[in-house]
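Below is one structure, written out as structure tokens, with a few remarks after it.
Keep in mind it's a predicted model, so treat the numbers as computed, not measured. Residue numbers start at 1 and run along the sequence shown. Each ligand, and each atom within it, is numbered from 1 in the order the structure gives.
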Amino acid sequence: MADLVGFVGVGRMGGPMASRLLDAGHRLCVYDVSEEATRPLAARGALVAASPAEVASTAEIVFMSLPTPDVVRQVALGGNAGLVNGSSVRTVIDLSTTGPGVATEVAAALAERRIGWVDAPVSGGVTGATAGTLAVMVSCPRATYAKVEPLLGTFGRLFHTGEKPGLAQSAKLANNILAAAAMVATAEAMAMGVKAGLDPKVLLDIINASSGRNTATMDKFPRAVLTRSFDFGFATGLSYKDVRLCVEEAEAMGVPMVLGGTVREMLAVTRARFGAASDFTHIAKLLEEWAGVEIKG
Ligand code: NAD
């Protein structure tokens, strides 16, 4: 079953990525704790397994797109149901953002069973996952990279960062702390400008033609804040996890992250106020509440 690929965790990101594998002609065996998540793929012919181990007994290559480091560790190594106990799996590819620590640990445990590990965290959101325009950061041995490159190419543009497990995760954390910082700084600047009397749309147009433009001013605010939809597609709890992992990694290496610590606390407050499942564009709602303004188009 060389063309059959496994996929564990088919949520907001994993769902559209798995769908692209089907579009490319691969057969799929999927597992997710949510039946709602697997249903659209099952309707397109994907097999639905009862555990990660069952996926790993069906496919040689298994992708994961899971929320947190703990869930990745559990799915890969946990008890009888873990991927490590599958009879067919040779390579596990982690598309999640989980930080270099868990990548190093899980890669070593899988290596003992002669199962290869590929870090492949992605950036570009649900839109990029659907269109196949993600940035895919990959760390794994060169020979493995040659094997998985065509499959990963289905998701977007690849960047091979090196062979060391976790290296691609460090790249992803560096990117995500910048994206979160841009979200926080934009919320503060927009709240100030709107309270001063500026039209939010005009202010965004000015910033996007000026030196302050960033991914929040160009995409997140026009799409999910000015429209009041607050549905960019990335959970506050996951953004908090990314920034926390980044600040912790930096601290462990002796790299001070003064601004990073503040961004982490802003996400912690947003999570406490609106819940971990809220969309992370709620950072703007927090500033609206504090400032007593609405940033609407
Ligand atoms: P999500 O919550 O929508 O999807 C995660 C899926 O994993 C869900 O369907 C959930 O049911 C499933 N799951 C949870 N525990 C499980 C378990 N034990 N076994 C099997 N399935 C399990 O999250 P998402 O937004 O798709 O994010 C997935 C990963 O991708 C995260 O690490 C996130 O940080 C990263 N990421 C997200 C985005 C984004 O814009 N949403 C962008 C880049 C990277």
Q: Take N214 and T186 through the side-chain hydrogen bond (donor to acceptor under 3.5 Å, both in side chains) test and state the conclusion after the steps.
A: CA-CA 8 Å; N214 61 66; T186 301; 3.2 Å; yes
**Q.** Step-by-step side-chain hydrogen bond (donor to acceptor under 3.5 Å, both in side chains) determination, R273 to H282
**A.** CA-CA 9 Å; R273 170 67 184 85; H282 278 75; over 6 Å; no
Do [Y] and [X] meet the salt-bridge criterion of a basic N to acidic O distance under 4.0 Å?
{"X": "E35", "Y": "R39", "result": "yes"}
{"X": "R264", "Y": "E248", "result": "no"}
{"X": "R44", "Y": "D23", "result": "yes"}

Q) ligand 1 versus V75, non-hydrogen atoms closer than 4.0 Å: side chain, backbone, both, neither? A)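 It is the side chain that touches ligand 1; the backbone stays farther off.
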(Q) Can you tell me which portion of K172 lies within the under-4.0 Å heavy-atom range of ligand 1? Options are side chain, backbone, both, or neither. (A)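 K172 to ligand 1: side-chain contact only, backbone stays beyond 4.0 Å.
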Would you say [X] and ligand 1 have an N/O pair spaced under 3.5 Å apart?
{"X": "T97", "answer": "yes"}
{"X": "F234", "answer": "no"}
{"X": "G233", "answer": "yes"}
{"X": "L66", "answer": "yes"}
{"X": "K241", "answer": "yes"}
{"X": "R12", "answer": "yes"}

Those atoms of ligand 1 less than 4.0 Å from some heavy atom in [X]:
{"X": "V71", "result": "15 (N), 16 (C), 17 (C), 18 (N)"}
{"X": "S96", "result": "32 (O)"}
{"X": "G125", "result": "40 (O)"}
{"X": "V122", "result": "43 (C), 44 (C)"}
{"X": "Y31", "result": "19 (N), 20 (C)"}

Q: Check each of M17, M13, E36 against atom 24 (P) of ligand 1 and report the one with the nearest heavy atom.
A: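 Answer by nearest heavy atom: M13.
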Q: From atom 5 (C) of ligand 1, work out which of A235, G14, S65, A37 has a heavy atom at the shortest distance.
A: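 Residue with the shortest heavy-atom distance to the ligand atom: S65.
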For [atom], which protein heavy atom lies nearest, and how many Å away is it?
{"atom": "atom 27 (O) of ligand 1", "answer": "L238 CD1, 3.7 Å"}
{"atom": "atom 17 (C) of ligand 1", "answer": "V33 CG1, 3.6 Å"}
{"atom": "atom 4 (O) of ligand 1", "answer": "G11 CA, 3.4 Å"}
{"atom": "atom 8 (C) of ligand 1", "answer": "D32 OD2, 3.5 Å"}

Q) Can you hop from M64 to V118 via hydrophobic side chains spaced under 4.5 Å? A)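 No, M64 does not connect to V118 through the hydrophobic network.
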**Q.** Distance, nearest 0.5 Å, that separates NZ of K220 from CE of M183
**A.**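 Here the interatomic distance stands at 7.5 Å.
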Q: Report the C-alpha separation of T98 and S96 in whole Å, then their side-chain angles, then the decisive distance to 0.1 Å, and conclude whether the side-chain hydrogen bond (donor to acceptor under 3.5 Å, both in side chains) test is met.
A: CA-CA 6 Å; T98 46; S96 334; 5.5 Å; no
Q: Check whether any side-chain heavy atom of T91 lies under 4.5 Å from a side-chain heavy atom of E60, and answer yes or no.
A: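 No, their side chains stay 4.5 Å or more apart.
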Q | Full working for side-chain hydrogen bond (donor to acceptor under 3.5 Å, both in side chains) between D32 and T38 | A | CA-CA 6 Å; D32 194 296; T38 55; over 6 Å; no
**Q.** Sub-6.0 Å ring centroid separation between F274 and F230
**A.**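 No, the ring centres sit 6.0 Å or more apart.
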Q.
For F232 and F280, take the angle between the two ring planes, folded into 0 to 90°, and tell me which bin it lands in: parallel under 30, tilted 30 to 60, perpendicular over 60.
A.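 Ring orientation, 0 to 90° scale: tilted.
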